[in-house]
Amino acid sequence: MSFFEFTGTVMPRFLGAVGVTLELTAVGIGAGLVLGLLLALMRVYANRVLSAIANVYIQFMRGTPLVIQVLVIYFGLPPYFKAMGLKPLSSLAAGCLAMALNSAAYQAEYIRGAIQAISSGQMQAARSMGMTKTQAVRYVILPQALRIVLPSWSNELIYTLLYSSTVYFIGLEELSYASMKVASKTGRVFESYIIAGVMYLAMVILLSRILAYAETRLRIPGLSIEERGR
Amino acid sequence: MPAERESRLGDVILRVEDLHKRYGKDEVLKGVTFELRRGETKVVIGPSGTGKSTLLRCINQLSVPDKGRVWLEDVEITHARTNINHVRAQIGFVFQDFNLFNHLNALQNVSIGLLKVRKMPKEAALARASEELARVGLAEKACSYPAELSGGQKQRVSIARALAMDPKLILFDEPTSALDPELIGEVLEVMIQLARGGMTMIVVSHEMGFARAVADRIIFMEGGGILEEGTPAELFTCPRCERTGQFLRKITELYGETDGQ
Ligand SMILES: Nc1ncnc2c1ncn2[C@@H]1O[C@H](COP(=O)(O)OP(=O)(O)OP(=O)(O)O)[C@@H](O)[C@H]1O
Ligand SMILES: [Mg+2]
């Protein structure tokens with residue numbers, strides 16, 4: 001079988017796995033953004049107790065490996081779920097949850113950094129015209145912070161995509177696991193991994209393009225990293 | 001001249017009574033009391049670190065005073081039950097370093113308060129904002145972002161932003177101190193128009209030309225208190241305190257007399 005014939009026969013399986021990888025990435029980065037934003041706001045604006053809770057969460061998630069988090073969620077939690085009368089999570093749900101909970105901690109730190117990089121005068125100007133603190137954060141602080149954070153967020157998206165292979169530990173067949181299985185089943189080890197590698201690369205390039213486009217569309221003079229000078 | 005100016009002033013619009021503010025163990029305001037009348041332009045001068053900015057910030061509660069009271073008309077701003085956002089929407093604040101919203105263009109900077117605080121419909125808000133931009137001579141800069149404006153233009157946008165809210169008074173904290181000398185004039189010109197047009201304002205500034213031209217009264221602050229208050233004529237010709245005279249001579253020497261017109 002030529003390389004192309006081989007590629008053709010394994011492609012359906014690989015494409016299915018790409019779907020899982022993309023799903024993990026999308027849920028991880030999306031739900032992670034929502035939770036990360038919440039954590040960042042807690043860190044910066046909430047009272048001491050909430051801020052400390054957010055901080056402990058962030059430190060904990062960033063200080064332990066993703067694989068442990070995945071294993072805990074998939075194998076560690078079900079007994080407690082059962083005790084509460086809940087159904088255990090599917091491996092896909094557990095994988096998505098772990099990705100989101102993990103990514104949230106990183107995204108929270110990026111967003112917090114961006115919020116704190118905004119001069120306190122912005123908040124003062126917003127409050128002095130009668131905005132509530134919530135309005136000021138929503139209409140003045142976050143639109144700037146999220147633009148500033150976009151480049152680091154793009155990196156986080158790429159990492160999330162690449163680290164999604166971690167869920168292979170709970171037997172979820174995403175792209176890396178699929179290529180490993182195909183390699184051992186067919187014996188065509190090199191080709192299997194090359195195909196997977198090229199597919200990852202294609203996804204990374206595509207996502208980078210989309211984000212670069214978003215960055216230009218959202219760019220505002222004086223607010224993007226490049227134009228801030230040294 | 002002073003009498004003529006006095007006559008166009010209305011009733012008391014702002015009353016500040018025995019204001020105290022402490023940062024750590026420094027007492028920055030040590031009991032400040034004064035009144036501001038409708039249509040009045042009050043210029044506040046005094047050495048650095050005297051509490052001028054703190055005074056302005058305590059008026060709209062950006063800093064919370066430790067003691068003392070502030071009334072806007074018959075509303076006690078300092079009362080715990082007063083809706084401070086509602087009060088702030090009626091008091092403009094112009095900062096030394098502009099603090100324009102960096103992600104919004106000039107028109108959006110001026111309209112955002114109308115949209116989000118006053119809840120005005122979008123079209124009306126934009127129309128009003130355009131008017132205010134035109135009033136400060138920046139109609140053609142509506143779509144420029146703050147980073148694309150000169151310091152003088154930024155400050156004029158920030159004045160337009162304050163004006164759009166139809167404030168009962170505007171507080172200016174050294175509005176020209178961050179500007180290159182050649183840009184000061186364009187901002188002062190706008191402020192002079194405002195003062196002559198009957199806007200009520202408190203202006204912390206060392207622009208003596210401006211003070212002479214439009215101040216109804218000048219407050220000289222030192223060490224956290226008001227040392228002297230009077231008309232420009234009184235303070236420039238025969239101040240009651242020796243310190244006031246000294247300070248005025250020093251500033252005039254330092255800043256010159258940027259022509260107030
Ligand atoms: N947020 C703050 N925390 C601690 N100290 C402060 C704070 N704001 C002001 N101060 C102190 O209060 C004093 C008065 O400050 P303020 O800014 O009101 O003076 P100012 O008269 O406006 O001076 P300048 O002419 O330099 O602007 C200064 O000693 C300053 O260090
Ligand atoms: Mg000051």
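Letters A, B, ... are given to chains in the order of the sequence lines, protein chains preceding strands, and every chain is numbered from 1. As a basis for the values below, the full set of heavy atoms in this structure was taken, side chains included, without hydrogen atoms, waters or symmetry mates.
A donor-acceptor pair is defined here as one N or O able to donate and one able to accept, closer than 3.5 Å; such a pair exists between the side chain of H103(B) and the backbone of Y139(A). Without hydrogens or angle criteria, Q61(B) side chain to S128(A) main chain gives no donor-acceptor distance under 3.5 Å.
Annotation: maximal heavy-atom pairing with chain B below 4.5 Å, among A126(A), P143(A), A125(A), occurs at A125(A). Note: L100(B) leads L100(B), N83(B), V94(B) in heavy-atom pairs under 4.5 Å with chain A. The residue among I112(B), I84(B), L171(B) with the most heavy atom pairs within less than 4.5 Å of chain A is I112(B). Heavy-atom pairs under 4.5 Å with chain A were tallied for M165(B), Q90(B), E148(B); the largest tally goes to E148(B).
Both the backbone and the side chain of F101(B) have a heavy atom closer than 4.5 Å to some heavy atom of chain A. I91(B) touches chain A through its backbone: at least one of N, CA, C or O sits under 4.5 Å from a heavy atom, while the side chain does not. Of the atoms belonging to R161(B), it is side-chain heavy atoms, and not backbone ones, that fall under 4.5 Å from chain A. If you measure heavy-atom distances from N60(B) to chain A, the contacts under 4.5 Å come from the side chain alone. Only the side chain of Q135(A) comes within contact range of chain B, judged by heavy atoms closer than 4.5 Å.
Here the CD1 atom belonging to I220(A) is positioned 7.0 Å from the CG atom belonging to L104(B), to the nearest 0.5 angstrom. Between the CZ atom in R127(A) and the CZ atom in R88(B) there is a gap of 5.0 Å [rounded to 0.5 Å]. Separation of atoms CE (M129(A)) and CG (L114(B)) is listed at 8.5 Å; rounding is to 0.5 Å. Between Q124(A) atom CD and S63(B) atom OG the span is 7.5 Å, to the nearest 0.5 Å.
At most 12 non-hydrogen atoms from other residues, nucleotides or ligands lie less than 6.0 angstrom from OH of Y168(A). By the 6.0 Å contact criterion, CD on E123(B) is open, its count of non-hydrogen atoms from other residues, nucleotides or ligands being 12 or less. The local environment of OH in Y163(A) is sparse, with at most 12 non-hydrogen atoms from other residues, nucleotides or ligands closer than 6.0 Å. Applying the 6.0 Å contact sphere to CZ of F75(A) captures more than 12 heavy atoms from other residues, nucleotides or ligands. The environment of Y159(A) atom OH is sparse: at most 12 non-hydrogen atoms of other residues, nucleotides or ligands sit within 6.0 angstrom.
Between P221(A) and Y145(B), the shortest heavy-atom distance links the atoms CD-CD1, 3.4 Å. Smallest separation of non-hydrogen atoms from N99(B) and S119(A): OD1-OG, 4.4 Å.
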